[in-house]
Amino acid sequence: MKLGVVGLPNVGKSTLFNAITQAGAQAANYPFCTIEPNVGVVAVPDSRLDVLAEMHHPEKYTPTTIEFVDIAGLVRGAYKGEGLGNKFLSHIREVDAIVHVVRCFEDENIVHVDGSVDPVRDMETINLELIFADMDTMDRRIDRAQKNSKSGDKKLLAEVDFLKEIKAHLESGKPVRSMELTEEQQEFVHSLFLLTDKPVIYVANIAEDEIGADLPTVKALYEAAAAEKAGALTICARIEEEISQLSPEEKQDFLIEMGIGESGLDKLVKECYSLLGLISYLTAGPKEVRAWTITRGTKAPQAAGKIHTDFEKGFIRAEIVNYDTLMEHGSMAACKEKGLIRSEGKDYVVQDGDIVLFRFNV
């Protein structure tokens, strides 16, 4: 999974990126500090793997990973190439989802490109750049579709009408993801690779002394996010940066002391998984304990294909016990004794937390 971290200049993007990935991206108080995107690959926190590692003492411990790309600050006119805009938009095209950092904190020492803090305005500034870029894409697509439909083919004529409907939605200032679409229309829209079709999580970046406070700016951001079918969460990037420097034990104590409960990375990962419809299944043994990311609704053979294509081609069955069942009974041996390890065939839909052993023959 590849996530692009975007936002206006000086909203805390690179600070948050550094905290999450500890990759040391430059964070300075001026626009276009980030020109080439910084990339950081982070392990997805999963306490279930820790428990399985305690049971099996494996040679390898492999969590699933997420790639974060810190994309430079977008400005007005990016779709026309302003402020290296074309380069930034091309980086956004390559990611699975967008993490849009929005400034909700006041700080007279950090300049704001628009002179004041207004999260909804800032959201709209970037959204409009992506909308304008998509409108250019739609113009080209409509032009091509109209040429193809000159034969009078009803299917092609219907396609032209639908493309015009999408463009009209964009012209109203709304992202494509906010359209009410059938499953078939959704598939077609995905094939257009539009920037505003990508799932988005808005991150309200607040000040340290605002943690736990009921902020009108954050409430407005959440409402605007819901209106366009996007996710939203609140993070203090400065605090996340402090957390990233701590040992696991110190981190836990710090989170309790701050009353946060879980780190921003944990919250962000959960929100991303939920937004993209992803789950993890697990494999465990003396050689390796590992998490595998799949799309919710994936059947056993396709899940097996994540490990190796031979597993999918020669799939025979999957032997499965869910993590919660394992915890309830304490060991694999106890689960086996009680007949709780199930044998599932090709139509089984793998569930989050399933511990799986695939049987295959090639």
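Nothing fancy with the numbering, it's 1 onward along the sequence.
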Problem set entry | Spatial distance of atom CD1 (Ile355) from atom CD1 (Ile341) [nearest 0.5 Å] | 9.0 Å
Seminar exercise, completed: For residues 146-157, the salt bridge (charged side-chain N to carboxylate O under 4.0 Å, His left out) pairs (sequence neighbours left out) are Asp143-Lys147
Exercise. Which pair of non-hydrogen atoms, one from Ser151 and one from Leu156, has the smallest distance, and what is that distance?
Worked result: OG-CD1, 4.4 Å
For this session: Start with the C-alpha gap between Lys198 and Asp96, add the side-chain angles, then the distance that decides, and say whether salt bridge (charged side-chain N to carboxylate O under 4.0 Å, His left out) holds.
Result: CA-CA 7 Å; Lys198 288 183 184 290; Asp96 300 309; over 6 Å; no
For this session: Please tell me if the side chains of Val11 and Val102 come closer than 4.5 Å, counting only heavy atoms from C-beta onward.
Result: no
For this session: Kindly compute the distance separating CE (Met327) from CG (Leu52), expressed to the nearest 0.5 Å.
Result: 6.0 Å
For this session: Flag the pair Lys299 and Asp347 as a salt bridge only when some basic side-chain nitrogen lies within less than 4.0 angstrom of an acidic carboxylate oxygen.
Result: yes
Problem set entry | Distance (rounded to the nearest 0.5 Å) between Ser178 OG and Leu170 CG | 8.5 Å
Problem set entry | Shortest non-hydrogen separation from Val269 to Pro45 and the atoms involved | CG2-CD, 4.2 Å
Exercise. Nearest 0.5 Å, what's the NZ-CD1 distance between Lys270 and Ile201?
Worked result: 13.0 Å
Exercise. So, Glu312 and Lys306, do they make that salt bridge, N to O below 4.0 Å?
Worked result: no
Exercise. Does one side chain, of Arg342 or Tyr348, offer a donor that lies under 3.5 Å from an acceptor on the other?
Worked result: yes
Problem set entry | Lys267, NZ atom: more than 12 neighbouring heavy atoms under 6.0 Å | yes
Exercise. Ser247 and Glu250: side-chain donor and acceptor closer than 3.5 Å?
Worked result: yes
For residues 220-231, which side-chain N or O atoms pair as donor and acceptor with protein atoms under 3.5 Å away, sequence neighbours left out?
{"residue": "Tyr222", "atom": "OH", "partner": "Thr234", "partner atom": "N", "Å": "3.1"}
{"residue": "Tyr222", "atom": "OH", "partner": "Thr234", "partner atom": "OG1", "Å": "2.8"}
{"residue": "Glu228", "atom": "OE1", "partner": "Asn127", "partner atom": "ND2", "Å": "3.1"}
{"residue": "Glu228", "atom": "OE1", "partner": "Tyr202", "partner atom": "OH", "Å": "3.1"}
{"residue": "Glu228", "atom": "OE2", "partner": "Arg177", "partner atom": "NE", "Å": "3.2"}
{"residue": "Glu228", "atom": "OE2", "partner": "Arg177", "partner atom": "NH2", "Å": "2.4"}
{"residue": "Glu228", "atom": "OE2", "partner": "Tyr202", "partner atom": "OH", "Å": "2.8"}
{"residue": "Lys229", "atom": "NZ", "partner": "Met179", "partner atom": "O", "Å": "3.4"}
{"residue": "Lys229", "atom": "NZ", "partner": "Glu180", "partner atom": "OE2", "Å": "3.1"}

For this session: Tell me, with the steps shown, if Val41 and Ile66 meet side chain to side chain contact (heavy atoms under 4.5 Å, CB included).
Result: CA-CA 6 Å; Val41 178; Ile66 293 180; over 6 Å; no
For this session: Using distance alone, with no hydrogens and no angle criterion, decide if Thr293 and Tyr273 have a side-chain donor and acceptor under 3.5 Å apart.
Result: yes
Exercise. Hey, are Lys219 and Asp214 close enough for a salt bridge, meaning a charged N less than 4.0 Å from a carboxylate O?
Worked result: no
Exercise. Side chains of Thr62 and Glu288: donor-acceptor distance under 3.5 Å anywhere?
Worked result: yes
For this session: Is it possible for you to check whether Arg317 lies under 6.0 Å from the centre of the six-membered ring of Phe315, through NZ or CZ, and within 45° of that ring's axis?
Result: no
Seminar exercise, completed: Output for pair (Asp310 CG, Asn361 CG), nearest 0.5 Å, gives 10.5 Å
Problem set entry | Donor-acceptor pair between Asp46 and Tyr323 side chains, under 3.5 angstrom | no
Problem set entry | Verdict with supporting geometry, Arg48 and Asp352, salt bridge (charged side-chain N to carboxylate O under 4.0 Å, His left out) | CA-CA 11 Å; Arg48 299 173 300 192; Asp352 186 54; 3.3 Å; yes
Exercise. Side chains of Ile98 and Val200: closer than 4.5 Å at any heavy-atom pair?
Worked result: yes
For this session: Answer whether the closest heavy-atom distance between the side chains of Val5 and Ile71 falls below 4.5 Å.
Result: no
Problem set entry | Rounded distance [0.5 Å steps], CG in Leu326 versus CG in Asp354 | 11.5 Å
Exercise. Using the benzene-type ring in the case of Trp, are the ring centres of Phe188 and Phe162 under 6.0 Å apart?
Worked result: yes
Exercise. Tell me, do Leu8 and Thr125 make a side-chain contact under 4.5 Å, heavy atoms counted?
Worked result: yes
Exercise. In terms of side-chain geometry, is the basic nitrogen of Glu328 or Lys338 positioned less than 4.0 Å from the acidic oxygen of its partner?
Worked result: no
For this session: Say whether Thr64 and Trp292, considering side chains only, have a donor N or O and an acceptor N or O under 3.5 Å apart.
Result: no
Exercise. Do the non-hydrogen side-chain atoms of Thr65 and Val44 ever get within less than 4.5 Å of each other?
Worked result: no
Exercise. Any side-chain heavy atom of Asp197 within less than 4.5 Å of one from Gln186?
Worked result: yes
Exercise. So do Arg140 and Thr137 actually touch side chain to side chain, heavy atoms under 4.5 Å?
Worked result: yes
For this session: Report the C-alpha distance between Ser149 and Glu159 in whole Å, list the side-chain angles of each, state the deciding distance to 0.1 Å, and finish with yes or no for side chain to side chain contact (heavy atoms under 4.5 Å, CB included).
Result: CA-CA 9 Å; Ser149 66; Glu159 184 180 309; over 6 Å; no
For this session: Begin with the C-alpha distance, continue with both residues' side-chain angles, and end with the deciding distance and a verdict on side chain to side chain contact (heavy atoms under 4.5 Å, CB included) for Met135 and Ile131.
Result: CA-CA 6 Å; Met135 279 163 61; Ile131 284 167; 3.8 Å; yes
Exercise. Considering only heavy atoms from C-beta outward, does the side chain of Pro286 approach that of Pro58 to under 4.5 Å?
Worked result: no
